[in-house]
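Input: a single structure, listed below in C-alpha cells.
Hydrogens, waters and symmetry mates play no part in the numbers below; they use all other heavy atoms, side chains included. Order of the sequence lines sets the chain letters (A, B, ...), proteins ahead of strands, with each chain counted from 1. Since this is a predicted model, take the numbers as computed values, not measurements.
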Protein chains: 2
Amino acid sequence: MTTTVPDAPTETTRPARERLVRAAQELYGEQGVDATTPREVLERSGVGQGSLYHHFPSKTDLARTALRRTAQESLDEARSTLANGGSSSGRLRAYLAAPRDALAGSAVGRMTSDPVVMADPSLREPLAEYFTGLVDLVTVVLWEQGYTEAQAHDRAFTVVATVQGGYVLARALGDDAALERALRGVRTLCGLEEA
Amino acid sequence: MTTTVPDAPTETTRPARERLVRAAQELYGEQGVDATTPREVLERSGVGQGSLYHHFPSKTDLARTALRRTAQESLDEARSTLANGGSSSGRLRAYLAAPRDALAGSAVGRMTSDPVVMADPSLREPLAEYFTGLVDLVTVVLWEQGYTEAQAHDRAFTVVATVQGGYVLARALGDDAALERALRGVRTLCGLEEA
DNA sequence: GTCTATAGTCGGATAGAC
DNA sequence: GTCTATCCGACTATAGAC
C-alpha cells in the first residue's frame, strides 16, 4: 500500500507555479515589474508559454504573488537581526552592518518607482506591510534604549530611510561606498559607533 | 530697419524642441522614462508625430536632454537653500524643512529604479552629478559647523539619504507623514531641533 | 497541467508631402 | 521645421492539442 498522499490535500505544492514565482521575484529585483515581460519569466523558469496563464489569470496576479513573497522574505530577514538576542544597541548595530548589495538596491524599496506596482493597490499593499513592519521592529529597539515612543518612532523612520536612501545614492553614483557612508553617519548620530 | 537677429546666432531657441523637453520632464517625473512613450510626449507637448525624431534621433536622446535639465534644476534649487546667507545650522534646517511633494517622490532619485536610465551611462550621468553636487553642498554646511571633513562627508550622505529614503517610505506607505517623520528624526539627531 | 501556435494591440521609428 | 501616414517588432493574452 503506497502512500499516495503528497503534502497537503487542499493546497498542494505545484512545481511549475513555484518556478514561475521564483523567476518573477528574481527578474523584478533586477528590472522591476513593469520592465519584466511574461516571456522573460517563462524563459527563466523553463516553463512553457500557456502555463503562466493557467496558474495566474494575468501578469498582475503573478506580480502580486511574487511581491508578497519578496516582502515577506525581506521582513523575516530583518526580524532575524532586529528581534533576536543581544542588547538593543547590538541588534541595531547588527542591522545597520548587515551585508547589502548596494548597487542592486532594495528589492522592496525600488518598487515604489514602478508604475505597474504603484498603479495597483493590491501590488502596493506588500510594500506598505513590509515598511510598516520594519519601522515597527526598529521602533521597538530604539524604545528599549530609553527613547520616548514618539522619538523612537521618528528615529526609526530616519534609520529605515537612511538605508533606503543609501541604496538610491549608491545606485546613482555607481558606488557602493555611498551606502556605507550613509550608514556610518547614522551609526555615529545614534551613538552606536565605537570610539 | 527691423532687427531680425533673434537671440543667439549659434544656438537659437526652438519652440517645438523646448515644448518636447518640458513635456518629457513632466512625464518622467510622473511615470519614469521607461514607462513614458513618445506618443505621450507628443500629446502633452502638442507637437506633431515626426517632429520628435527631427529634433532627437531617438527616445534616448530626448531622455538625456530632459534628465540633464531636471538634474540641473533640482541642484540649483537645493543650492539656493544650502548656499545662501544665514547661519550654517539655519541653512541646513531650511533645507530639511523645504516643501516637498512626498508622494510624488524625488524627480532624480526615482530614476535609479528606471531600467532605461540605469542601462545607459549617458542617462545615469546626470543622476551622479546631481547627488555629487548635493552631498558636497551639505558637506560644506556641516564642515562649517565644526565637524571634521570625514565626519561631515559621512553625515552629508546620511542627510541626503534620509531625504531620498523618506520619499521611498512615503510612497510605499501612501502617507506623506513618513517623510516628515524621517526628517524630524534626522533634525533631532543633528541637534537642529528647538527644545 | 503543460505545451505550441497565434491573435490583437501598442510602442518605437521612418517616409515623404507641405 | 512641421505635419500625416505607415511599417515593424514586441508584449499581453487566448485557443486548443496532448
* Rounded to the Å, how far apart are B:Leu20 CG and D:dT2 P? -> 9 Å
* Structure fact -> Whole-Å distance, A:Leu27 CG to D:dC11 C1', equals 15 Å
* Asked: Any ring-ring contact (aromatic ring centres under 6.0 Å, His included) pairs touching residues 82-134 of chain A, not counting sequence neighbours?
  -> none
* Asked: Would you call B:Arg44-B:Glu26 a salt bridge at under 4.0 Å N-O?
  -> yes
* Let me know the distance between CZ of A:Phe56 and P of D:dT14, rounded to the nearest Å. => 15 Å
* Asked: Atom CG of A:Asp61 and atom P of D:dA13: how far apart are they, to the nearest Å?
  -> 9 Å
* Side-chain (B:Arg64) to main-chain (B:Leu123) donor-acceptor, under 3.5 angstrom -> no
* When you measure from the side chain of A:Thr162 to the backbone N and O of A:Thr158, does any donor-acceptor pair fall under 3.5 Å? -> yes
At a cut-off of 3.5 Å, list every protein nitrogen or oxygen paired with a nitrogen or oxygen from nucleotides 9-12 of chain C, distance to 0.1 Å.
| from | atom 1 | to | atom 2 | distance (Å) |
| --- | --- | --- | --- | --- |
| C:dG12 | OP1 | B:Lys59 | NZ | 2.7 |
| C:dG12 | OP2 | B:Pro38 | N | 3.1 |

* Measure the distance from CG on A:Leu42 to C1' on D:dA10 and round it to the nearest whole Å. => 14 Å
* Asked: Taking NE2 from B:His55 and P from D:dC3, how many angstroms apart are they, rounded to a whole number?
  -> 9 Å
* **Between P of C:dT2 and CZ of A:Arg17, the distance in whole Å** => 11 Å
* Asked: How about A:Pro121 and A:Arg124: do any of their side-chain heavy atoms sit closer than 4.5 Å?
  -> no
* Would you check, one step at a time, whether the test side chain to side chain contact (heavy atoms under 4.5 Å, CB included) holds for A:Asp114 with A:Arg110? => CA-CA 7 Å; A:Asp114 195 299; A:Arg110 285 184 55 198; over 6 Å; no
* To do: Ignoring backbone atoms, establish whether B:Ser51 has a side-chain N or O less than 4.0 Å from OP1 or OP2 of D:dG1.
  => no
* Asked: Between B:His54 and D:dC3, does any side-chain N or O lie under 4.0 Å from OP1 or OP2?
  -> no
